[in-house]
Amino acid sequence: AETSNGANIFEANCASCHIGGGNILINQKTLKKEALSKYLENYDSDSIQAIIHQVQNGKNAMPAFKEKLSPEEILEVAAYVFQNAEQGW
Ligand code: HEM
């Protein structure tokens, strides 16, 4: 299957900590739907925007990506995370 741009951005920037939609540093704060709904602020009201906010600004041990990825790349990786959360990683 063709690999999407979002998948490539995820592999290059996120998979080191979030391989398979997990979290190697804080293991309950995964990218699975239930965890996003529980831990990520505003996920239930505006899922993609909530992921974008986290990627732009980072949080605690997660680095910010707003100087590293373009707005278009951040949107693509956020959409990829959302799609995988919905489908099941
Ligand atoms: C949390 C996405 C890169 C470490 C999260 C959350 C999202 C996310 C959506 C919220 C999860 C939740 O609360 O259940 C991403 C994306 C990345 C990325 C899309 C790449 C652009 C990284 C990297 C690291 C990392 C490289 C490690 C150096 C963490 C940590 C948390 C977290 C520690 C928990 C933060 C806290 O609430 O204290 N990430 N992440 N992330 N991520 Fe990332």
Side-chain angles (χ1 to χ4, degrees):
E2 193 175 302
T3 306
S4 72
N5 207 24
N8 288 326
I9 296 163
F10 188 87
E11 288 308 315
N13 295 280
C14 320
S16 54
C17 295
H18 293 295
I19 188 156
N23 189 324
I24 66 162
L25 295 177
I26 302 186
N27 54 50
Q28 70 273 26
K29 292 191 172 182
T30 71
L31 308 185
K32 295 181 179 161
K33 187 175 185 176
E34 296 70 25
L36 292 169
S37 186
K38 189 168 175 186
Y39 300 115
L40 183 60
E41 199 174 347
N42 298 322
Y43 188 73
D44 291 334
S45 55
D46 199 348
S47 305
I48 304 264
Q49 197 51 51
I51 299 167
I52 287 173
H53 184 268
Q54 173 98 10
V55 174
Q56 284 177 326
N57 300 293
K59 188 179 177 188
N60 300 318
M62 175 169 156
F65 285 88
K66 62 173 179 270
E67 311 293 339
K68 190 172 182 207
L69 297 175
S70 70
E72 176 69 25
E73 289 171 325
I74 292 175
L75 175 59
E76 285 173 342
V77 80
Y80 174 81
V81 168
F82 176 70
Q83 188 189 341
N84 278 279
E86 287 297 308
Q87 292 175 350
W89 288 86

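Order of listing sets the numbers, starting from 1, for every ligand and every atom in it. No experiment lies behind these values; they were computed from the predicted model shown.
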message: Give me the nearest non-hydrogen protein atom to atom 26 (C) of ligand 1 as residue plus atom name, then the distance to 0.1 Å.
response: N13 O, 3.4 Å
message: Is the contact between A78 and ligand 1 made by the side chain, the backbone, both, or neither, using heavy atoms and a 4.0 Å cut-off?
response: neither
message: Ignoring hydrogens, what is the shortest heavy-atom contact between L31 and F10? Give both atom names and the distance.
response: CD1-CE1, 3.7 Å
statement: When distances are taken from atom 21 (C) of ligand 1, the protein heavy atom at minimum range is C14 SG, 2.7 Å
query: Can you list the ligand 1 atoms lying under 4.0 Å from a non-hydrogen atom of K59?
result: 35 (C), 36 (C), 37 (O)
- request: Could you pull out the closest heavy-atom pair between A85 and K33, with the gap in Å?
  value: O-CB, 3.6 Å
query: Which protein heavy atom lies closest to atom 37 (O) of ligand 1, and at what distance to 0.1 Å?
result: K29 NZ, 2.6 Å
- prompt: What's the shortest distance from atom 1 (C) of ligand 1 to any protein heavy atom, and which residue and atom give it?
  reply: Q54 NE2, 3.3 Å
task: Can you spot which of V77, I9, N13 makes a side-chain contact (heavy atoms from CB on, under 4.5 Å) with F65?
output: N13
Contact atoms of ligand 1, heavy-atom distance to I26 under 4.0 Å: 38 (O)
- request: Report, as yes or no, whether the 6.0 Å neighbourhood of atom CD1 on I19 holds more than 12 heavy atoms from other residues, nucleotides or ligands.
  value: no
- prompt: Where the closest heavy atom to atom 23 (C) of ligand 1 is concerned, which of A85, A12, C17 has it?
  reply: C17
task: Flag the pair K66 / N57 as yes when at least one side-chain heavy-atom distance between them is below 4.5 Å, and no otherwise.
output: yes
Ligand-side contact atoms (ligand 1) for residue partner T30, heavy atom cut-off under 4.0 Å: 11 (C), 12 (C), 14 (O)
task: On the 0 to 90° scale, with breaks at 30° and 60°, tag the W89-Y80 ring pair as parallel, tilted or perpendicular.
output: perpendicular
task: Enumerate the atoms of ligand 1 whose separation from the nearest heavy atom of A35 is less than 4.0 angstrom.
output: 14 (O)
- prompt: For atom 9 (C) of ligand 1, which protein heavy atom lies nearest, and how many Å away is it?
  reply: L31 CD2, 3.7 Å
- prompt: Which atoms of ligand 1 have any heavy atom of L36 under 4.0 Å away?
  reply: 9 (C), 11 (C)
- prompt: Out of Y80, F65, F82, who gets a non-hydrogen atom closest to atom 3 (C) of ligand 1?
  reply: F65
statement: atom 29 (C) of ligand 1 has as its nearest protein heavy atom M62 CB, 3.3 Å
field: Smallest separation among heavy atoms of A35 and T30, with atom names
entry: CB-OG1, 3.2 Å
query: Does some side-chain heavy atom of K59 sit less than 4.5 Å from a side-chain heavy atom of K29?
result: yes
- prompt: Looking only at distance, does N60 have an N or O less than 3.5 Å from an N or O of ligand 1?
  reply: yes
Nearest non-hydrogen protein atom, atom 31 (C) of ligand 1: N23 ND2, 3.3 Å
message: Donor-acceptor pair, distance only, cut-off 3.5 Å: does the side chain of N42 make one with the backbone of S45?
response: no
- request: Mind listing the closest non-hydrogen atom pair of N23 and I26 along with its distance?
  value: OD1-N, 2.9 Å
message: Only heavy atoms of V55, strictly under 4.0 Å: list the atoms of ligand 1 that pass.
response: 16 (C), 19 (C), 21 (C)
Heavy-atom pair with the smallest gap, counting every atom of A64 and Q56: CB-O, 3.2 Å
message: For atom 43 (Fe) of ligand 1, what is the closest protein heavy atom, and at what distance to 0.1 Å?
response: H18 NE2, 2.0 Å
